[in-house]
Amino acid sequence: MGGAASAVPAGAGSGATAPAVSGGAGSGGAASAVSAGLGARSDAVAGAGAEPQVREGAGRGTAPQAPTDTPGVGHAEAGEAAQRGTAEAAAAAPGSAVATGGTVATGATGATGVAGATGVADVTGGTGGTGGTGAAGVAGGGAGAGDGMSRRRFVARVVGGAAAAAAVGTVGYGTYGVMRGPRVKRVTVPLAKLPRAAHGFRIAVVSDVHLGPILGRAHTARIVDTVNRTQPDLIAIVGDLVDGNVHDLGRAAEPLRGLRARHGSYFVTGNHEYFSGAQQWIDHVRELGLTPLENARRQLPLFDLAGVNDVQGESEGHGPDFEAALGDRDRSRAAVLLAHQPIVIHDAVRHGVDLQLSGHTHGGQLWPGNYLAELANPTVAGLERYGDTQLYVSRGAGAWGPPVRVGAPSDITVVELASYQA
């Protein structure tokens, strides 16, 4: 392999202007291909008497350009040269000239317009032709846009997948909490008029069991077992025991026979009993060993226990009657009232009740139900005071609608009464 160097003759006229190939490692065959392919360019350049420009490390690989004041001549002669081109020129036109470790300045762009368009010219250690750079720019721009779109799509899918997983997990855990059964919650409530002998008296409060197609006999059995393990002195079921009639759900309620408390088990109606037929359930729970309090009162040894019908009973002429339940009692004794809905608290205050035990709200059960429950009830869950009367609202032992609870776990509350005299 010998070094190739083409002399460029000086002068005006039709003298040929040949491209120079510099660098000691160049191939003689490659130089001949360049000279043959680009010889036609000499006619366009020689007419202007211009010296050929050879750029060191030609970054773009462009050929000498005709003077800017005669662009038409160069283009016309270039066209004729293209027609006269030999097979070797055609081979060189796509920009196939190669220079190893050197610099190649081709005139392929001016001669045929092919090399510039394709940018195939290969310069080892250098940069491709102008057309190649443009093509790469277009490709790069498309790739950049594609990458940006792919990133946005990826992020959107990750966020969507995470949200779906969180929703499924939350609902799954909420369903598990209901089907597992309620947990025991303990609350101490001091009462001013409670005698010392009643200090520590325990009332197990059960509300909103909602027996039905999903929560059936097994759910009732779990509740009974949980209540009995607390060893209460009294059991109070404060409404919404069922979502159906006795014919369909009598067997599901059967485990209630197993409730055990020293001072007995009591029941008041909720709004759902009236949807199902309240009287049939009042009769049935009596058969199961519970004592219904229909606007009635029991004078226990240490305090009075009263119960009123749910306000839904007003549609049947059997609504709450506070006078019947509390009107003639001795107000020096402490009074505990069972009433399904918290909204009757103001009637309880007027009748000198010390503690009202309620349910109905489910504690909101499921977001955003807690906000709706707050709009309709004075207290959604827990213990609050209204004048001289305290109100405790249980979240309930079951669920209504979908068997799911989120942020409001089911409970059985053991209310322990405390005496100021103890």
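Throughout, residue positions are numbered sequentially from 1 according to the sequence presented.
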**Request:** Please step through side chain to side chain contact (heavy atoms under 4.5 Å, CB included) for the pair Q299 and D330, ending with a clear verdict.
**Result:** CA-CA 10 Å; Q299 187 171 318; D330 180 2; over 6 Å; no
**Message:** Tell me if a side-chain donor or acceptor on R333 pairs with a main-chain N or O of K193 at a distance below 3.5 Å.
**Reply:** no
**Message:** Counting only heavy atoms from other residues, nucleotides and ligands, does the tally under 6.0 Å from CG of D283 exceed 12?
**Reply:** yes
**Request:** Could you please spell out the steps behind the side-chain hydrogen bond (donor to acceptor under 3.5 Å, both in side chains) verdict for S419 and Q421?
**Result:** CA-CA 5 Å; S419 171; Q421 302 171 27; 4.7 Å; no
Distance-only criterion, 3.5 Å: show the donor-acceptor pairs between side-chain atoms of residues 231-238 and protein atoms not counting sequence neighbours.
residue : atom : partner : partner atom : Å
D233    : OD1  : R262    : NE           : 3.4
D233    : OD1  : R262    : NH2          : 2.8
D233    : OD2  : R202    : N            : 2.8

**Complete:** Correct closest heavy-atom pair for S358 and H340 would be CB-O, 3.5 Å
**Prompt:** In terms of side-chain heavy atoms, does Y274 have a donor or acceptor partner in S315 at a distance below 3.5 Å?
**Reply:** no
**Prompt:** Atom CD of E416 and atom OG1 of T188: how far apart are they, to the nearest 0.5 Å?
**Reply:** 5.0 Å
**Prompt:** Any idea which heavy atoms bring G258 and N228 closest together, and the distance?
**Reply:** O-ND2, 2.9 Å
**Prompt:** Can you list the steps and then say if H318 with Q279 is a side chain to side chain contact (heavy atoms under 4.5 Å, CB included)?
**Reply:** CA-CA 10 Å; H318 299 289; Q279 192 58 51; 5.9 Å; no
**Asked** Hey, what do you get for CG (L290) to CG (L241), rounding to the nearest 0.5 Å?
**Response** 8.5 Å
**Asked** Any donor-acceptor pair under 3.5 Å linking the side chain of Q365 with the backbone of P402?
**Response** yes
**Prompt:** After noting the C-alpha distance and the side-chain angles of T413 and Y392, does the key distance pass the side chain to side chain contact (heavy atoms under 4.5 Å, CB included) rule?
**Reply:** CA-CA 10 Å; T413 303; Y392 180 79; 2.8 Å; yes
**Request:** Begin with the C-alpha distance, continue with both residues' side-chain angles, and end with the deciding distance and a verdict on side chain to side chain contact (heavy atoms under 4.5 Å, CB included) for V227 and V224.
**Result:** CA-CA 5 Å; V227 169; V224 170; 5.9 Å; no
**Asked** Got a salt bridge between R350 and D347, using NZ or NE/NH1/NH2 to carboxylate O under 4.0 Å?
**Response** yes
**Prompt:** Are there more than 12 heavy atoms of other residues, nucleotides or ligands under 6.0 Å from atom CZ of R385?
**Reply:** yes
**Prompt:** Counting distance only, does the side-chain N/O of E273 pair as donor-acceptor with the main-chain N or O of G270 below 3.5 Å?
**Reply:** yes
**Prompt:** Does R297 use its side chain to pair, donor to acceptor, with the backbone of A325 at less than 3.5 Å?
**Reply:** yes
**Complete:** side chain to side chain contact (heavy atoms under 4.5 Å, CB included) with L357: of L338, V268, V393, only one passes, and it is L338
**Message:** Check whether D240 reaches the backbone of H272 with its side chain - one donor and one acceptor, N or O, closer than 3.5 Å.
**Reply:** yes
**Request:** Determine the minimum heavy-atom distance between E314 and P320, stating which atoms define it.
**Result:** OE2-CD, 3.9 Å
**Item:** Side-chain donor/acceptor of D310 to backbone N/O of N271, under 3.5 Å
**Value:** yes
**Request:** Measure the spacing between CD1 of I223 and CD1 of I412 and express it to the nearest 0.5 Å.
**Result:** 5.5 Å
**Message:** With rounding to the nearest 0.5 angstrom, report the CD to OG1 distance, Q312 to T269.
**Reply:** 10.0 Å
**Request:** Examine distances only and state if a side-chain atom of T220 and a backbone atom of G216 form a donor-acceptor pair shorter than 3.5 Å.
**Result:** yes
**Heavy-atom side-chain contact between Y420 and L194 under 4.5 Å** = no
**Message:** Using only atom types and a distance under 3.5 Å, with no angle test, would you say the side chain of N295 pairs donor to acceptor with the backbone of G319?
**Reply:** yes
**Message:** Could you tell me if the side chain of V158 sits less than 4.5 Å from the side chain of V155, heavy atoms only?
**Reply:** no
**Asked** Ignoring hydrogens and geometry, is there a side-chain-to-backbone donor-acceptor pair from R217 to R251 under 3.5 Å?
**Response** yes
**Request:** To the nearest 0.5 angstrom, please state how far the OG atom of S207 sits from the NE2 atom of H362.
**Result:** 7.0 Å
**Item:** Side chain proximity check, R151 to F154, heavy atoms < 4.5 angstrom
**Value:** no
**Message:** On a heavy-atom basis, which atom in H210 and which in L215 lie closest, and how many Å separate them?
**Reply:** O-CB, 4.0 Å
**Fill in**
Residue pairs passing the ring-ring contact (aromatic ring centres under 6.0 Å, His included) test with at least one member in residues 185-204, sequence neighbours excluded, are F201-H263, F201-F303
**Message:** Nearest 0.5 angstrom please: D354 CG to R331 CZ, how far?
**Reply:** 10.0 Å
**Item:** salt bridge (charged side-chain N to carboxylate O under 4.0 Å, His left out) between R222 and D225, worked out
**Value:** CA-CA 5 Å; R222 284 191 292 269; D225 290 343; over 6 Å; no
**Request:** Indicate yes or no for a side-chain donor-acceptor contact from D208 to the backbone of G398 under 3.5 Å, with no hydrogens or angles considered.
**Result:** no
**Complete:** Tightest non-hydrogen contact, residues L288 and A253, listed as CD1-O, 3.6 Å
**Asked** Of the non-hydrogen atoms in W281 and G250, which two are nearest, and what is the gap between them?
**Response** CH2-N, 4.2 Å
Contacts table for residues 369-379: side-chain donor-acceptor under 3.5 angstrom, sequence neighbours left out:
residue : atom : partner : partner atom : Å
N377    : ND2  : A373    : O            : 3.0
T379    : OG1  : E384    : OE1          : 2.7
T379    : OG1  : Y386    : OH           : 2.7

